[in-house]
Amino acid sequence: MHLHAIENGTGFPVVLLHGLFGNARNLNAIQKPLAGKFRTISLDLRNHGDSPHHPMMNYATMAEDVAETLRDMAVPTCAVVGHSMGGKVAMRLALTRPALVARLAVLDIAPVTYPPAFRDYARAMQALLLTADTMRASALQTLAATIPDAGIRAFLLQNLAFDGPVPHWRIGLSEIAGALPDVEAWPATAGTFSGPTLFAAGEKSDYITADSRPVIREMFPHAQFVRIRGAGHWVHADAPEAVAAILMDFLAGLQNL
């Protein structure tokens with residue numbers, strides 16, 4: 001599948017992969033500073049943003065989408081930065097196509113299976129009755145009954161389009177809902193990635209724990225770990241300047257290739 005891309009800047013390619021229910025524009029806060037030195041390519045993963053929809057949505061398939069898109073864009077090697085679900089896609093890509101990935105940066109996710117935390121979100125979104133009278137404010141209010149966090153509600157509703165007579169989900173919501181067991185999981189993947197690797201965790205997040213570090217090092221033996229002060233799981237939104245600075249330091253030298 002060829003994925004929709006937002007490009008900015010010139011130089012060595014840096015590919016950005018968003019998380020579940022997100023899109024390429026979510027990473028604009030780190031894409032913009034990186035584009036000063038690199039050719040940044042932010043991708044909408046399948047069933048997200050402006051990319052095509054398909055019921056098959058596992059990490060093997062999503063990683064191949066990225067590889068196919070980069071081949072179509074004549075990108076033979078690149079650095080890859082992925083947040084959450086996008087981080088798992090990035091890890092899978094590095095493990096299965098190491099020649100494509102020069103450096104790997106993973107934002108607040110580990111190669112492990114997580115509890116089904118997002119299924120209630122998907123059900124609440126699917127249950128939202130969309131009519132010609134639906135407004136964003138009323139949709140936010142309706143979702144509040146099952147999703148108390150206002151920030152998460154606003155994040156989810158960025159996927160609701162009001163460009164027609166009746167609002168509609170621009171994402172493949174039913175496809176995503178059906179694929180959540182695969183998204184939550186981490187499939188057995190042979191091999192290791194020996195290139196430079198960075199795992200950046202939010203200080204307030206529990207997605208990367210001490211127990212997951214040995215698992216990470218088995219697959220990524222040169223992994224470095226940093227913690228982003230004051231940030232939760234959405235590290236790029238909570239601390240964009242800090243994340244951008246860390247990534248610029250990690251990617252230093254690639255701009256000369």
Side-chain angles (χ1 to χ4, degrees), residues 1-20 22-52 59 61-109 158 193-200 220 222-224 226 228 234-257:
M1 179 182 293
H2 186 90
L3 303 173
H4 175 256
I6 298 175
E7 288 195 69
N8 199 358
T10 59
F12 190 84
V14 176
V15 177
L16 306 173
L17 304 177
H18 63 82
L20 182 64
N23 59 64
R25 291 177 178 83
N26 291 153
L27 300 177
N28 182 61
I30 58 175
Q31 183 178 19
K32 187 174 181 179
L34 289 176
K37 293 187 177 294
F38 301 98
R39 175 191 177 189
T40 59
I41 304 169
S42 193
L43 298 177
D44 285 328
L45 296 171
R46 64 168 52 198
N47 296 317
H48 291 76
D50 293 322
S51 285
Y59 289 110
T61 304
M62 289 190 282
E64 283 305 301
D65 289 344
V66 175
E68 178 180 332
T69 302
L70 295 177
R71 182 176 66 247
D72 292 346
M73 298 176 75
V75 176
T77 185
C78 60
V80 184
V81 179
H83 170 250
S84 197
M85 179 186 75
K88 283 189 170 183
V89 176
M91 286 187 279
R92 173 78 186 201
L93 184 69
L95 290 169
T96 56
R97 292 179 175 267
L100 178 59
V101 181
R103 296 188 189 182
L104 171 67
V106 179
L107 305 180
D108 211 61
I109 201 74
Q158 72 178 328
F193 176 71
S194 58
T197 308
L198 174 71
F199 282 79
F220 307 98
H222 298 296
Q224 308 170 43
V226 297
I228 310 299
W234 282 274
V235 291
H236 56 287
D238 293 339
E241 293 182 358
V243 173
I246 288 168
L247 290 175
M248 289 292 285
D249 183 63
F250 176 65
L251 299 173
L254 289 179
Q255 64 263 39
N256 300 320
L257 299 180

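Fair warning: this is a prediction, and the values are worked out from it, not measured in the lab.
- Ala94 and Val101 get closest at one heavy-atom pair: CA-CG2, 3.8 Å.
- Within the 4.5 Å cutoff, no side-chain heavy atoms of Val80 are placed close to those of Met91.
- Under a 3.5 Å cut-off, the side chain of Asn23 and the backbone N or O of Asp44 do not form any donor-acceptor pair.
- Atoms NE2 and CD, from His236 and Gln31 in turn, are 12.0 Å apart once rounded to the nearest 0.5 Å.
- For the residue pair Leu93 and Ala63, the shortest heavy atom distance occurs at CD1-O, 3.5 Å.
- From Thr10, atom OG1 reaches atom NZ of Lys37 across 11.0 Å, with rounding to the nearest 0.5 Å.
- In this structure, Met85 CE and Leu17 CG are separated by 9.0 Å, a value rounded to the nearest 0.5 Å.
- Shown here for Asn28 and Pro33, the closest heavy-atom pair between the two residues is O-CD, 4.4 Å.
- Rounding to the nearest 0.5 Å places CG of Leu254 at 11.0 Å from CE of Met248.
- Ser84 contributes no side-chain N or O that, together with a main-chain N or O of Gly19, makes up a donor-acceptor pair within less than 3.5 Å.
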Subject >> Test side-chain contact (heavy atoms from CB on, under 4.5 Å) applied to Met62 and Met1, step by step >> reply: CA-CA 9 Å; Met62 289 190 282; Met1 179 182 293; over 6 Å; no
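- Closest approach of Ala102 to Phe12, counting heavy atoms only: CB-CZ, 3.9 Å.
- Counting heavy atoms from C-beta on, the side chains of Arg25 and Gln158 never come closer than 4.5 Å.
- Panel note: side chain Thr69, backbone Leu3; a donor-acceptor pair is recorded below 3.5 Å.
- By the 4.5 Å heavy-atom criterion applied to side chains, Leu16 and Ile41 are not counted as neighbours.
- Distance CG/Leu45 to OG1/Thr61: 12.0 Å, rounded to 0.5 Å.
- Partner of Val81 under the side-chain contact (heavy atoms from CB on, under 4.5 Å) criterion, chosen from Val106, Thr40, Val14: Val14.
- At distances below 3.5 Å, at least one donor-acceptor pair connects side-chain atoms of Arg103 with backbone N or O atoms of Phe250.
- In this view, Leu95 and Trp186, Thr189, Phe193, Met219, Phe220 satisfy the side chain to side chain contact (heavy atoms under 4.5 Å, CB included) rule, not counting sequence neighbours.
- Considering CG of Asp50 and CG of Leu43, their distance stands at 12.0 Å, rounded to 0.5 Å.
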**OP:** Please test His83 against His18 for ring pair (Phe, Tyr, Trp, His ring centres under 6.0 Å), starting from the C-alpha separation and ending with a verdict.
**Re:** CA-CA 5 Å; His83 170 250; His18 63 82; 9.4 Å; no
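- Considering only residues two or more places apart in sequence or on other chains, Tyr59 meets the ring pair (Phe, Tyr, Trp, His ring centres under 6.0 Å) condition with none of them.
- Using a distance-only test at 3.5 Å, with no hydrogens or angles considered, a donor-acceptor pair links the side chain of Thr96 to the main chain of Arg92.
- The two residues Ala29 and Pro240 make their nearest non-hydrogen contact at CB-CB, 3.7 Å.
- Of all the heavy atoms in Ile228 and Ala242, the pair that sits closest is CG2-CB, 4.3 Å.
- A distance-only check finds no donor-acceptor pair linking the side chain of Gln224 to the backbone of Leu198 [under 3.5 Å].
- If you check the side chains of His2 and Asp72, you find a donor sitting under 3.5 Å from an acceptor.
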